Amino acid sequence: MDMKGRSIVSIRDFTHEEIASIVAKALEVKAGKWPQAMRGKVLATLFFEPSTRTRLSFEAAMVSMGGQVIGFADPNVSSAKKGESLADTIRTVTGYVDVIAMRHPLEGAARLASQVASVPVINAGDGANQHPTQTCLDLVTIHEEFGRLDGLTVGMLGDLKHGRTVHSLAQALSHFRSRLVLISPPSLRMPDHLKLELEAAGCAFEEVPTLESVPCKLDVLYVTRIQKERFADFQEYERVACAYRLNRETLAGACSQARIMHPLPRVDEIAEELDGTPNAIYFRQAHNGIPTRQALLGLVTGAIR
Amino acid sequence: MNDTSRARKVYAIERGTVIDHIPSPMALKVVQILGVQKQGILTVGMNFPSKRLGVKDIVKVENLILSSQATDRIALVAPTATINIIEGGQVVEKRPIHLPAEFKGLLRCPNPRCISNAEKVTTWFLREGAGADMAVRCVYCERVYQNPAELVV
Ligand SMILES: [Zn+2]
């Protein structure tokens, strides 16, 4: 599969075969098959919204494959501050580099950038919309654990209404005959339009209100944070957040064998007592960010085929 | 006298485009979407009795032959419309509205966090489904909207 010149804007743009081959390339990169593949190439990291974690992951990915990085980490130092349009910033930068990774607070910013750039654009987060490299690294982690993506039962826990991470992961998994168990309070259920999309893709899913009511054994339990800002009332937040906290006790039952994943950083939704258990794979998941981004950088620049 | 001959005869024109069977009261919206306000003589008729629609509107644009591409843009507000192309006082072409697969520059995204509302961008929506289930998805923020006619600028 040739992905040279392709932008990575939304997981929605990719077929089953394309997702599977991105995952396979990431595992090759992790196994050391593509050292120094980015030598002579330059990445621009354009962060119109700060995200140190994601930016450093892209920069480390590029540098450790022999490439170079330019860019900015803070919109206050960019020309956007002086009123330059996003499109003009991209048109300028596109002449200096081989690939652009960008984060922007507005939804669709990466799509617009990909339309005006002459080099591939990798979306490192556009507001509440997409963060496709996170989804890819989630899939890489799942594949690493199970040796496959097909036919797994995946629980998603917490704020399924606002969490773009779980939205994109659900979209991606719908290509792989997954069974999804959506575990959330009624006020934070997955939005209807996404459920319609899952249905249209033939993806089996069910919604349950609590961990205890999960009806089947889970292969993966994907945990997301329930944020204070989503609640008008602090006590209501405390009550809900507490009910969805994961610890030895709540992990019993259907979830006892489940691999626990989390996009990190976590606050207190997963108890530290679980960190040393075989269930906990969230730190390994975070480490997969580097080989996954390396594979994507290599694929879209043609350095990896 | 059937609907078609009336639309042509009551507003008899030698050459131009007659848009019939517009659901009332969408005639003015149709004129706006077609952008024909200043393109020669324009006649707008509203609230005619119609067997099919109960009441209908009719728009007649003189001396302007509109392409399907142009008239299909009214699909969201007047899906029932029929287009009559008149040459030499005769109907030389009669066609329905086709529902386009995408809409460029026609709708505005209601999402305030969408880049299409912050930058000079031609809005772009993809159609999903048809009939009562029709929705549109913003190419930029990827949100789905169930009532696209409400988004017409
Ligand atoms: Zn939008």
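For clarity, every value in this text was computed on a predicted model and none was experimentally measured. Letters A, B, ... mirror the listed sequences (proteins, then strands); counts begin at 1.
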Any sub-3.5 Å donor-acceptor pair from A:E107's side-chain atoms to B:I115's backbone N or O?
no
Nearest 0.5 angstrom please: A:N129 CG to B:C138 SG, how far?
9.0 Å
For A:L106 versus B:A118, what's the shortest heavy-atom pair and its separation?
CD1-CB, 3.4 Å
Look at atom CZ of B:R15 and say whether more than 12 heavy atoms of other residues, nucleotides or ligands are closer to it than 6.0 Å.
yes
One should read off an interatomic distance between B:Q146 CD and A:L196 CG, to the nearest 0.5 angstrom, of 7.0 Å
Should A:S10 and B:E142 be marked as a side-chain contact (heavy atoms from CB on, under 4.5 Å) after you check the CA-CA gap, both sets of side-chain angles, and the distance that decides it?
CA-CA 9 Å; A:S10 167; B:E142 304 188 15; 2.9 Å; yes
Within a radius of less than 6.0 Å around CG of A:D2, do more than 12 heavy atoms belonging to other residues, nucleotides or ligands occur?
yes
More than 12 heavy atoms from other groups under 6.0 Å of NZ on A:K195
yes
Pairs of heavy atoms under 4.5 Å with chain A: top-ranked of B:V144, B:N117, B:V139:
B:V139
Between A:Q115 and B:Y140, does the side-chain contact (heavy atoms from CB on, under 4.5 Å) criterion hold? Intermediate values first, please.
CA-CA 11 Å; A:Q115 290 166 348; B:Y140 293 98; 2.7 Å; yes
Among A:H193, A:H104, A:R12, residue most engaged with chain B (heavy-atom pairs, under 4.5 Å)
A:R12
Is it true that, when you exclude A:I70 itself, more than 12 heavy atoms of the residues, nucleotides or ligands shown sit nearer than 6.0 Å to its CD1?
yes
Contact class of A:P105 relative to chain B, heavy atoms under 4.5 angstrom:
both
Is the number of heavy atoms from other residues, nucleotides or ligands within 6.0 Å of CD (B:Q69) greater than 12?
no
Roughly how far, to the nearest 0.5 Å, is the OG atom of B:S116 from the CZ atom of A:R111?
13.0 Å
Pair B:R137 + A:E197: basic N to acidic O under 4.0 Å
yes
